[in-house]
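Following this message is one structure expressed as structure tokens.
Each chain gets a letter, A, B and so on, in the order the sequences are listed, and its residues count up from 1. Computed from heavy atoms alone, side chains included, the values below leave out hydrogens, waters and symmetry copies.
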There are 2 protein chains.
Amino acid sequence: MPKREGTTIAGKRDPKTRVKPTLDEIAERANTSRSTVSRAFSRPDLLNPKTVAQILAIAEEIGYRPNNMARALSTGRTGNIGLLVPDIANPFFPPLIKAIQSQADALGLCLFLGSSGESGARENTLFERLAGQTDGIILASTRLSEAQVKIHAARHPITLINRDMAGLPRVLIDTQAAVMEAVGFLAENGHRHIAYLSGPKESWSNQQRMEAATEACRRTDMRLSIIPLSEPSFEGGEAAAEEAVAAGVTAILAFDDLTAQGAHARLSALGIDVPRDISLIGCDDALPAMTYPALSTLSGLSQEAGRHALKLLCDAIEHRDGSQDMKVVLGARFILRDTAGPAPAGDAKDRDRS
Amino acid sequence: MPKREGTTIAGKRDPKTRVKPTLDEIAERANTSRSTVSRAFSRPDLLNPKTVAQILAIAEEIGYRPNNMARALSTGRTGNIGLLVPDIANPFFPPLIKAIQSQADALGLCLFLGSSGESGARENTLFERLAGQTDGIILASTRLSEAQVKIHAARHPITLINRDMAGLPRVLIDTQAAVMEAVGFLAENGHRHIAYLSGPKESWSNQQRMEAATEACRRTDMRLSIIPLSEPSFEGGEAAAEEAVAAGVTAILAFDDLTAQGAHARLSALGIDVPRDISLIGCDDALPAMTYPALSTLSGLSQEAGRHALKLLCDAIEHRDGSQDMKVVLGARFILRDTAGPAPAGDAKDRDRS
DNA sequence: TTGACTTATGCAATCGGTTGCAAATAACTT
DNA sequence: AAGTTATTTGCAACCGATTGCATAAGTCAA
């Protein structure tokens with residue numbers, strides 16, 4: 001038997017020393033039954049208005065708070081949702097988390113947050129732990145394989161952000177068109193050889209961007225060097241920038257803004273001016289105006305993505321038939337700011353063409 | 001009675017269609033009782049090793065996961081902790097959250113995250129909601145009054161970050177010495193009039209910084225203009241910068257890095273060069289190297305703070321006597337980078353003195 | 001063989017709610 | 001006044017675990 005605070009008198013807890021008021025305590029004081037008190041909260045329409053008023057008054061007086069876990073146990077609904085991201089510290093996620101949290105808050109839901117540290121194994125563990133105490137989970141930029149996602153989805157409502165799997169509710173930020181725009185811009189400005197700093201293999205977004213960059217370079221007849229990032233971080237960007245320089249590119253398209261900033265730092269350290277010597281374009285617009293010179297990037301939409309994701313998740317929880325294939329696609333755009341411009345004169349054989 | 005999935009046969013659920021395996025199902029298959037199965041997990045030392053092995057095998061086979069909420073209900077321990085911050089999107093917090101989440105993860109705890117949007121009322125609501133399903137809550141940079149914090153602390157284990165209240169476990173990042181250093185640096189570099197962009201009134205950190213700035217200016221005989229931020233955000237910093245310029249200062253000390261960046265943006269937009277015309281110093285080192293020119297700031301330590309806070313919270317949960325007054329103080333330092341330097345010649349009457 | 005201890009297991013109450021069903025009371029009909 | 005229908009309430013089972021206490025089985029010495 002659990003040890004609880006509160007002295008015991010004749011098998012009953014002494015109300016004076018009781019820590020957390022329960023339904024029973026209210027029932028006792030109101031001289032009625034547990035069921036009635038319970039209904040005073042959940043289905044007041046079934047009760048005599050006077051009774052309800054009295055019960056609510058007592059509840060207020062003794063500071064009663066319903067026990068969420070007990071309720072969850074009997075209803076099967078927890079009122080909690082989970083959100084798993086690869087790395088909270090990556091500036092792409094905080095706005096997303098914020099949007100989800102604030103909307104969850106408005107719906108009376110509590111939010112579990114998990115950061116997997118870019119590790120699929122950890123993500124699995126977190127999922128298991130959260131599955132038992134949430135009504136559904138949002139996987140943002142999951143690093144899990146399709147097979148693993150499917151296994152989880154079979155046992156628990158899921159919504160995906162930036163992962164395209166038919167049959168599961170998902171929100172996608174489509175950056176392909178924006179990448180094409182960006183590459184087009186570079187081509188028109190005399191660049192002939194650019195680098196793409198490639199993010200995690202498991203990342204759907206990265207695959208999309210890489211594909212689009214490849215295709216765009218093919219069309220514009222530019223050379224593309226794909227440089228894999230050791231990790232999608234500031235440091236990863238620094239290291240990759242060096243390789244890009246060695247490859248002799250005049251422009252860099254980075255997996256995301258954080259790596260772009262890392263690249264920027266390293267380029268500056270090497271005495272390479274951005275955008276005079278090398279143009280730099282990030283992705284996600286995660287650092288909107290926080291940087292100087294302002295980073296050219298692809299628009300982020302992470303907040304919109306978050307909002308849609310929570311909505312889809314709630315739908316999925318509601319009617320679990322899952323009959324419809326829910327998919328929301330948000331289109332990103334190329335945002336030209338201060339870090340991208342014409343290729344340096346020496347390289348720009350076709351410069352006048354633009 | 002709750003509706004659950006799974007058909008019902010003679011009052012018992014058909015195992016074939018049962019969704020989530022329970023203790024009872026294992027007990028049935030292992031031909032033993034609930035208690036034994038339960039103990040196979042919690043106190044295997046009390047059982048016959050053979051029995052334990054058999055039970056674990058069956059559990060594994062049918063994919064059993066203990067129901068956290070049921071367990072919590074009977075043990076009184078949820079295995080969850082809560083973290084409340086004023087604004088996830090403020091770059092000071094993600095590293096803090098990350099540190100706490102990753103340590104919680106290692107301890108097998110799940111983390112609830114709440115962002116109060118700088119509102120005390122919302123923070124109270126979130127607290128109430130979380131209190132019922134956590135073993136303890138960390139309040140980071142709370143915007144609540146001391147009285148409110150006390151009320152909560154009386155009913156639920158709490159640890160504070162950046163709020164000094166005797167009797168409650170707390171982690172403080174002391175920036176006073178660092179502020180003095182920074183102001184001293186400015187004084188030595190010929191500045192005679194500086195501005196402090198003041199953050200939320202409820203913020204302990206802001207009070208500390210403002211006090212220290214005031215005191216340091218008094219000692220160095222500098223003039224100090226205190227400019228309240230409409231909100232501790234990028235936009236707030238932009239607006240405040242304008243006022244600082246109007247006041248005629250040659251240096252700005254901002255409440256945090258985000259507002260400093262906002263100020264920087266506005267100054268640049270006004271054609272004012274940093275640090276030539278105006279020196280700018282942030283606080284928290286939340287954007288370590290993400291910015292150009294690199295922001296001078298006061299070191300952050302948010303990760304260390306997070307780690308300590310979780311440790312204190314666990315201690316508080318453990319022995320709830322709360323006999324000792326736990327307090328951890330981390331000392332910040334002034335970090336000189338590219339945005340601060342000598343006062344412009346015209347203003348620097350004492351310049352040669354340094 | 002029997003009493004004294006261990007060791008392994010099961011019984012049943014409990015945590016704090018929810019809810020189907022039935023009983024009690026109130027309100028109308030005719 | 002008797003019969004019907006609506007309103008309000010209470011009983012008791014249930015959600016899925018934990019755990020104090022008691023019983024059953026096993027060990028061992030005398």
Looking at every non-hydrogen atom in both residues, tell me the closest pair between B:L168 and B:D325 and how far apart they are. N-OD1, 4.0 Å
So, is A:T51 close to the D:dT9 phosphate, meaning a side-chain N or O under 4.0 Å from OP1 or OP2?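 Yes, because at least one side-chain N or O of A:T51 sits under 4.0 Å from OP1 or OP2 of D:dT9.
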When you measure from the side chain of A:L23, which nucleotide among D:dT9, C:dC15, C:dT18 comes out closest?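 Of the candidates, C:dT18 comes closest.
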Look at the side chain of A:S35 and the base of D:dC11, then say whether one donor and one acceptor between them are separated by less than 3.5 Å.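 A donor-acceptor contact between them is present.
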Mutual orientation of the aromatic rings belonging to B:H156 and B:F127 [parallel < 30°, tilted 30-60°, perpendicular > 60°]: perpendicular
Listed nucleotide nearest any side-chain atom of B:A70, set D:dG16, D:dT9, C:dT19: D:dG16
For B:F41, answer base if it contacts any base atom (sugar-phosphate contacts may also be present), sugar-phosphate if it contacts only those atoms, and nothing otherwise; contact means non-hydrogen atoms under 4.0 Å. nothing
Counting the atoms with a prime plus P, OP1 and OP2 as sugar-phosphate, which does A:T32 contact under 4.0 Å by heavy atoms, base, sugar-phosphate, or nothing? sugar-phosphate
Touch class at under 4.0 angstrom, heavy-atom based, for A:R43 against every strand present: nothing
Name the closest nucleotide to the B:S74 side chain, picking from C:dG16, D:dT19, D:dA17.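 Nearest to the side chain of B:S74 among the choices is D:dA17.
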Answer yes or no: side-chain N or O of A:R39 and base N or O of C:dG17 forming a donor-acceptor pair under 3.5 Å.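 Such a pair does not exist between side chain and base.
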From the list A:N67, A:I58, A:I62, side-chain contact (heavy atoms from CB on, under 4.5 Å) partner of A:P21 resolves to A:I62
If only side-chain N and O atoms of B:S33 are considered, is one of them under 4.0 Å from the OP1 or OP2 phosphate oxygen of C:dT9? no
